[in-house]
Protein chains: 2
Amino acid sequence: MSDSTPKPAEAPPKIPRRSSLPTLADVAREAGVSKMAASSALNGGQNSARVSAETRERVMAAAERLRYRPNANARALTYRRTNAIGFVTTLMGREPNAYFLEVFGGVIEGAMATGQTTAVFTLGSWDEAPTRIPALCDGRVDGLVVLAPRLEDDGESWLPEHTPMVSVHASGNWRAGGVNVESDEEAGAYDMVRQMFALGHRRILHVGGPEGFPGADRRIDGYMRAHADAGVTPPRDHVLRTSFTAEGGAQAMQAWLQRHRGRPLPDAVFGGSDAIAIGCMEALAVRGLNVPRDISVVGFDHTLLARTLHMAAVRQPLHEMGRRAVDVLVQLIEASRRDEAYVGPSNIVLLPETVPGRTLAEPRRTPLLID
Amino acid sequence: MSDSTPKPAEAPPKIPRRSSLPTLADVAREAGVSKMAASSALNGGQNSARVSAETRERVMAAAERLRYRPNANARALTYRRTNAIGFVTTLMGREPNAYFLEVFGGVIEGAMATGQTTAVFTLGSWDEAPTRIPALCDGRVDGLVVLAPRLEDDGESWLPEHTPMVSVHASGNWRAGGVNVESDEEAGAYDMVRQMFALGHRRILHVGGPEGFPGADRRIDGYMRAHADAGVTPPRDHVLRTSFTAEGGAQAMQAWLQRHRGRPLPDAVFGGSDAIAIGCMEALAVRGLNVPRDISVVGFDHTLLARTLHMAAVRQPLHEMGRRAVDVLVQLIEASRRDEAYVGPSNIVLLPETVPGRTLAEPRRTPLLID
DNA sequence: TTGAAAGCGCTAACAT
DNA sequence: ATGTTAGCGCTTTCAA
C-alpha cells in the first residue's frame, strides 16, 4: 500500500515511525490472515463461530511467537475505558506516610479485586489540586480516589463533572453531590477516653494534632465529650496541640512536663496520632518514667507503627476505607457508563475501634510527682 | 455527515456511543473552526504562525468553557508514549510493607521530577510474574521498575524485550543485559558489626531473616566477615534465622534466651531487619532487660519504624534506589525511542550506612546472666 | 492562515 | 468463515 512508492531518505521525525511493540497487524501478517480474523481469533470465545479452529490456532501461535499484547491505549480509545483508577494524595515532605500507606493498601486490594490497575498521583500540596486534578481527568483513568481534600475548598468551581470521583476523609462539603468515605473520629476518641475512664484514669492529657486539621479537632471533641459524660472538666492545659509527628509529640510532652514540675503526673496521655504518642513515650522515657506502670499512653490510627509496638490506640479502618472507596468508585463508573444515576449513600462513615495494647494499663494508686 | 440520515431507534450498544469527556471536535465546533485549527491553537507555541491570535483566543475560550483536556489515550497512540511508568511489586500478605513504602517514595519522587506518572501493579506472589508482567507491557506504560525479583528465575524466557525495565534489588542474574539497582548489604552488615566491635562489643547475636532470601544471607556474610576481621569466631548458635517480622524476632529471641538460661547475656543483638530488632527488644523487655544499658540492639534497613524509635540500624538507601531506578529507566526509555543503545552501568550498587541511635551503646562491664 | 486526509492500533458493524 | 470499512481522539503531513 503505502510502501509501493519508495520515498527518499528523510531526517528522523520526532515521533518514531512505528511502535516497537508488535501490533495486531504483525500477528495477522505472521499468521497469514486479516487483522479482523486475528482480532476475533484472539478475543472471541473459545468456540466462537467467527473463525475456524485452524485459523485460531495459527493466530494464537503467531501471537505467542511475537509476544503480542493488544495495545492498551488503542483499546482504551475504542472501549472508552482504561480499567485503571487514579489515587490522588498529597505528599507532605519527603517522609513517607504511614497513614497514606494504610489507605493505599486498601485501594490496591480493591483495584485488584475488581480487575483495575492503580495509578498514583501525588500533589506537593493541596494548593496544586485545582490545576493538577483536572489534568488527570483526561481519560487516562476511569475514575479517581482522592485522599483527604482540604476543608476550605469544595472544589465546585474547578472539579470536572465528567470523571467519577470518591473522596476519602473529605472534611466539610467537598464536592457536594459526590461520594465521600470517612470514619467517625469523634466517636473513636470518645470511646477510647471512655474506656480509659472505666479503667480508672482521671487526669488524661491529650496531645493533639495541629490547628487547621479537622481530624485533630474531632478527636478533641470526642475527648471532651467523654469527659463531659464522666462529669469531669479537664483543665485547659490538658489539651495540647502539636504537629502529627513523633518530634512534635516529644517536644510538646517534654515542654509540658517542664512546665508542670512538682505537680502530679497525669494518669495517661492520649496522643492525637500514633507518631505523637510515640514521641510522648520518648519524652517520658527520658525522665525515667515507665509506660504503662507509671503512666499509660495511647495513640490514634493504629497504623503499622502502633501495631508493631503493640501500642493501645484508636484504630481507624483506613484499609477498609480505601477498599470501600474503590468499590464505590467502580459503581460510580458503571453508573456513569450506563448513563444512570448512582444510587447509594453519598457519605459513608465507618466506625473506629479501640484496640488495647501494652501501653495502656490501670493507673497507679499513688500518683507520682513530676520532677 | 453521518447524521444526515436519521436512523431508527436501536438497543443501546455495549460500548457507549460517545465518551462523556469533551473532545477536540467539541472545542472546534464550539469555537467555529476546524479540528486542526483548534489543535494547533492549543498546542502551538504562544506565537506560532499557525493560527491567528483571534482564532487562538476563541479556541482557548471554548476549551476553557468545556473544561477540555486532550485525551491521554489518543495522545499516547500518536506519540507512542504515555509518560507513565509502572512499579511492580509483590504484596506479601495484607500487611503494608515499610520496605516497599521507602522505595515507592523514591519512585514517586523520580516520576514527579521527570514529569511521569506512576502506575502501581501488585502481584500476589512472584509466581504470577511470568503471566502478569508481560501483560503490563502493552503500551500502558513506557517502562517498568520491578522491585525485588526472585533469584531462581532470570525471566529470560518470558520477559518481553520491547519494554524498558529496571529491577531493584534483583538477586542473581535477573534478565541478563537489563539494569539493576541494589545496595551492598554485605558491606552494610560488615560495617555495622565492625563499629560494634569498636565500641567494645564481643558477643553479638545475629537474629537474621529466613533462608531463601539472598538479602538475609548477605547480611550474615557481612556479620561473619566482621568477626573474621576481628579474629573472633562466633559460636554457631549466635546466628539465628526467623521471619522478617517483629513476631519472628520476638519468638526467636525469647526461645534463644530460654535455651541459654544461666549463661551470660550477649553484649548486643544485630537484627536482620528493623522489625526483627523491634521484636527482639520486646522479648528483652519482657525479661526486664534495659536497652541499651544491659544489651544493645540494632536493626537493618532503617525504615520509618527505626527512624521513629531512634533505633541504631544499617540504613539501606531505599529511597535513593527508587529514585535512581526511575532515572535510569527514563534513560532506557529515551534510548529505546531513539533506537540507540543504553550506555551506562548495568548494575548500580549503592552503599548502606551505619546510623547510630539510642539502642546502641557501650557494653556493660560485667555481663549479666540470663535468668 | 486554514482545512482535508491519513494514520496510530484496535474493535464493531457491515459486507462477502 | 473471512475481509472491508468506519471510527475512537489526536497530531502530522500535505494541499489550498
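Labels below follow one simple rule: chain letters A, B, ... track the order of the sequence lines, proteins then strands, and each chain is numbered from 1. In what follows, every heavy atom counts, from backbone to side chain, and hydrogens, waters and symmetry copies are set aside.
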Run the side-chain contact (heavy atoms from CB on, under 4.5 Å) test against A/Arg67 and tell me which residues pass, sequence neighbours left out. none

CG of B/Leu24 versus C1' of D/dC8: gap in Å, rounded? 13 Å

Residue list, salt bridge (charged side-chain N to carboxylate O under 4.0 Å, His left out) with B/Glu57, at least two apart or on another chain: none

Which pair of non-hydrogen atoms, one from A/Gly139 and one from B/Asn73, has the smallest distance, and what is that distance? O-OD1, 2.7 Å

So if I take every side-chain heavy atom of B/Asn43 and compare against D/dT11, D/dG9, C/dG3, which nucleotide ends up nearest? D/dT11

Per A/Met36 side chain, nearest of listed nucleotides C/dC10, D/dT4, D/dC10: D/dT4

Nearest whole angstrom, please: distance from the P of C/dT2 to the CZ of B/Arg56. 10 Å

Any side-chain N or O of B/Asn73 below 4.0 angstrom from OP1/OP2 of D/dC8? no

So, using side-chain contact (heavy atoms from CB on, under 4.5 Å) as the criterion, who are the partners of B/Glu54 when residues are at least two apart? B/Ser52, B/Arg58

Apply side-chain contact (heavy atoms from CB on, under 4.5 Å) to A/Arg323 and list each qualifying residue two or more places apart in sequence or on a separate chain. A/Glu109, A/Ala113, A/Asp327

What integer distance in Å separates B/Arg75:CZ from D/dC10:P? 8 Å

Using atom NZ of A/Lys35 as one end and atom P of C/dC10 as the other, report the distance to the nearest whole Å. 8 Å

Between B/Ser39 and D/dC10, does any side-chain N or O lie under 4.0 Å from OP1 or OP2? no

Nearest-Å distance, CG (A/Asp26) to P (C/dG9)? 8 Å

Any side-chain N or O of A/Ser52 below 4.0 angstrom from OP1/OP2 of D/dT2? yes

Through what angle, rounded to 10 degrees, does the axis of the helix from C/dT1-D/dA16 to C/dT16-D/dA1 turn between its ends, using five pairs per end? 60°

For atom CZ of A/Arg80 and atom P of C/dC10, their distance in whole Å: 17 Å

Winner on side-chain proximity to B/Thr78, out of D/dT12, C/dA13, D/dT11, is D/dT11

Residue mapping more 5' on DNA chain C - nearest nucleotide basis, A/Arg69 or B/Thr55: B/Thr55

For B/Phe100, give me all partners under ring-ring contact (aromatic ring centres under 6.0 Å, His included), at least two apart in sequence or on another chain. B/Phe87, B/Phe104

Taking OP1 and OP2 of D/dT2, is either one under 4.0 Å from a side-chain nitrogen or oxygen of A/Ser34? no

Rounded to the nearest angstrom, tell me the gap between atom CG in B/Asp138 and atom C1' in C/dC8. 15 Å

Nearest whole Å is fine: how far is C/dC10 P from B/Leu77 CG? 9 Å

Atom of A/Trp158, atom of A/Ile133 and distance for their closest heavy-atom approach: CZ3-CB, 3.9 Å

Which of C/dT2, D/dG9, C/dT11 is nearest the side chain of A/Tyr79? It is C/dT11

